[in-house]
Peer 1: 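Pasting in a structure now, in structure tokens, and then I'll have a few things to ask.
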Amino acid sequence: GILMAREFGAKQYESLRKVVGGSTTLAIVFALLFLILGQAVAKPVLLLLNTPAQILDGSLLYLRIMFLGIPIVMAYNLLATILRSLGDGQTPLYAMIAASVTNIVLDILFVVYFGWGVEGAAIATVLSQMISALWILRFLTGKQTILRLKAENMKLIPSVILPCLGLGISSFIMISTESVLSISFTSSLAEFGGDVAVGAMTVLASINQLITMPLSGVCQGGQPLI
């Protein structure tokens, strides 16, 4: 996103297309890697975390569906980043709101009415992300866009990939450490409190997100401006 915004601001549109193309290829590579890796390690990881037997099958099904949807989730994030970098912050916001509302509606439909359980919740999440990704893609492929993906711009060249990885590593480390912390909590709760304790922690984590996400949003939104 930083590289895209820099090239767009300097009106270096040819370089911008190379950054967008290279980032797209990089996202595809990682999406396929995580998809395959996720399917392979889902069950061993759940067993390693002492997942209670009564929720093991549901957890495994949820994870495998979510990992199948990784390419869609990554496509949405990439497309939203591209639009924000080009100065359009409204369309990704509307797409995110649409995804959230769609997710809630599909959750009710799949889980409550169809009785699909965690499988329905996972499918609802992936489908809502797909709708948002397609919405943003429609904006990026419109007649007025300066970004037309071409094969020659989708090469993994060091001048694009290395800065992307370098700029993204700090966010990766922060999110990874938060994930490790969450896994540690969940593992301990599963061992000493069972599935009820894990469920309670999930509810508390959701409430915590409602409190902290506005603060995080202000910080993340203010940083580019500063």
Side-chain angles (χ1 to χ4, degrees), residues 1-41 66-96 98-99 125-126 128-180 216-226:
I2 294 171
L3 291 175
M4 292 175 196
R6 187 181 68 189
E7 300 300 332
F8 178 69
K11 294 182 171 55
Q12 300 294 324
Y13 298 131
E14 193 58 38
S15 298
L16 174 63
R17 293 187 186 98
K18 290 181 180 179
V19 173
V20 172
S23 300
T24 302
T25 302
L26 192 65
I28 292 171
V29 170
F30 275 112
L32 294 176
L33 176 65
F34 288 138
L35 190 157
I36 296 169
L37 189 63
Q39 298 297 329
V41 305
M66 289 300 293
F67 276 117
L68 283 174
I70 280 286
I72 294 171
V73 175
M74 291 190 72
Y76 164 73
N77 284 309
L78 176 67
L79 293 170
T81 299
I82 292 172
L83 275 185
R84 290 191 190 99
S85 302
L86 300 183
D88 183 359
Q90 290 187 339
T91 302
L93 174 63
Y94 295 151
M96 183 177 66
T125 300
V126 172
S128 62
Q129 293 282 344
M130 181 187 295
I131 292 170
S132 297
L134 291 174
W135 185 3
I136 295 177
L137 188 62
R138 183 175 68 86
F139 278 86
L140 285 173
T141 54
K143 294 181 180 179
Q144 302 301 320
T145 184
I146 60 171
L147 296 176
R148 290 285 181 182
L149 284 179
K150 297 180 181 179
E152 61 263 27
N153 291 330
M154 298 187 70
K155 298 175 182 177
L156 294 174
I157 55 177
S159 61
V160 171
I161 302 309
L162 294 180
C164 283
L165 295 176
L167 290 165
I169 193 68
S170 59
S171 297
F172 173 77
I173 292 173
M174 285 192 294
I175 295 172
S176 297
T177 51
E178 289 176 4
S179 299
V180 171
S216 177
V218 170
C219 293
Q220 292 182 13
Q223 283 175 7
L225 296 175
I226 294 170

Peer 1: Rounded at 0.5 Å granularity, tell me how far CD1 in Ile70 sits from CD in Gln39.
Peer 2: 10.0 Å

Peer 1: To the nearest 0.5 Å, what is the distance between CG (Leu26) and CG (Leu156)?
Peer 2: 6.0 Å

Peer 1: What is the minimum heavy-atom distance between Ile169 and Gly166, and which atoms define it?
Peer 2: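 What the structure gives for the nearest pair is CG2-O, 3.2 Å.
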
Peer 1: Nearest 0.5 Å, please: how far is CZ in Arg17 from CD in Glu7?
Peer 2: 12.0 Å

Peer 1: To the nearest 0.5 Å, how far apart are OG in Ser15 and CG in Leu3?
Peer 2: 10.5 Å

Peer 1: Begin with the C-alpha distance, continue with both residues' side-chain angles, and end with the deciding distance and a verdict on side-chain contact (heavy atoms from CB on, under 4.5 Å) for Leu86 and Met4.
Peer 2: CA-CA 8 Å; Leu86 300 183; Met4 292 175 196; 5.8 Å; no

Peer 1: Holding to side-chain hydrogen bond (donor to acceptor under 3.5 Å, both in side chains), I want the full list of residues that pass it with Thr25, two or more places apart in sequence or in another chain.
Peer 2: none

Peer 1: Which distance, rounded to the nearest 0.5 Å, do you find between the CG of Leu37 and the CG of Leu32?
Peer 2: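 So the CG of Leu37 and the CG of Leu32 are separated by 12.0 Å.
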
Peer 1: Got a donor-acceptor contact below 3.5 angstrom from the Ser171 side chain to the Gly168 backbone?
Peer 2: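 A pair under 3.5 Å: no.
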
Peer 1: For Pro158 versus Pro163, what's the shortest heavy-atom pair and its separation?
Peer 2: O-CD, 3.4 Å

Peer 1: Given Lys18 and Ser159, is the side-chain contact (heavy atoms from CB on, under 4.5 Å) satisfied, shown in steps?
Peer 2: CA-CA 10 Å; Lys18 290 181 180 179; Ser159 61; over 6 Å; no

Peer 1: Which atom pair, heavy atoms only, marks the closest approach of Met130 to Ile72?
Peer 2: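 Residues Met130 and Ile72, closest heavy atoms: CE-CD1, 3.2 Å.
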
Peer 1: Just so I know, are the side chains of Ile28 and Pro71 near enough to count as touching, which here means a heavy-atom distance under 4.5 Å?
Peer 2: no

Peer 1: Quick one, Val126 and Leu68 - any side-chain contact, counting heavy atoms below 4.5 Å?
Peer 2: no

Peer 1: Rounded to the nearest 0.5 Å, what separation is found between the CE atom of Met74 and the CG atom of Leu35?
Peer 2: 11.0 Å

Peer 1: What is the minimum heavy-atom distance between Ala98 and Trp135, and which atoms define it?
Peer 2: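 Where Ala98 meets Trp135 most closely, the heavy atoms are CB-CZ3, 3.5 Å.
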
Peer 1: For residues Ser132 and Ala95, report the shortest heavy-atom separation together with the two atoms involved.
Peer 2: OG-O, 2.8 Å

Peer 1: Quick check: closest heavy atoms across Thr81 and Gly1, and the distance to 0.1 Å?
Peer 2: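 Minimum heavy-atom contact is CG2-CA, 3.5 Å.
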
Peer 1: Set out, in order, the CA-CA distance, both residues' side-chain angles and the distance that settles side-chain contact (heavy atoms from CB on, under 4.5 Å) for Leu93 and Gln90, then state yes or no.
Peer 2: CA-CA 5 Å; Leu93 174 63; Gln90 290 187 339; 5.5 Å; no

Peer 1: Could you walk me through whether Val73 and Thr125 satisfy the side-chain contact (heavy atoms from CB on, under 4.5 Å) test, starting with their C-alpha distance in whole Å, then the side-chain angles of each, then the deciding distance to 0.1 Å, before giving a yes or no?
Peer 2: CA-CA 9 Å; Val73 175; Thr125 300; 5.9 Å; no

Peer 1: Quick check against the 3.5 Å criterion: does Thr91 have a side-chain atom that pairs as donor or acceptor with the backbone of Asp88?
Peer 2: no

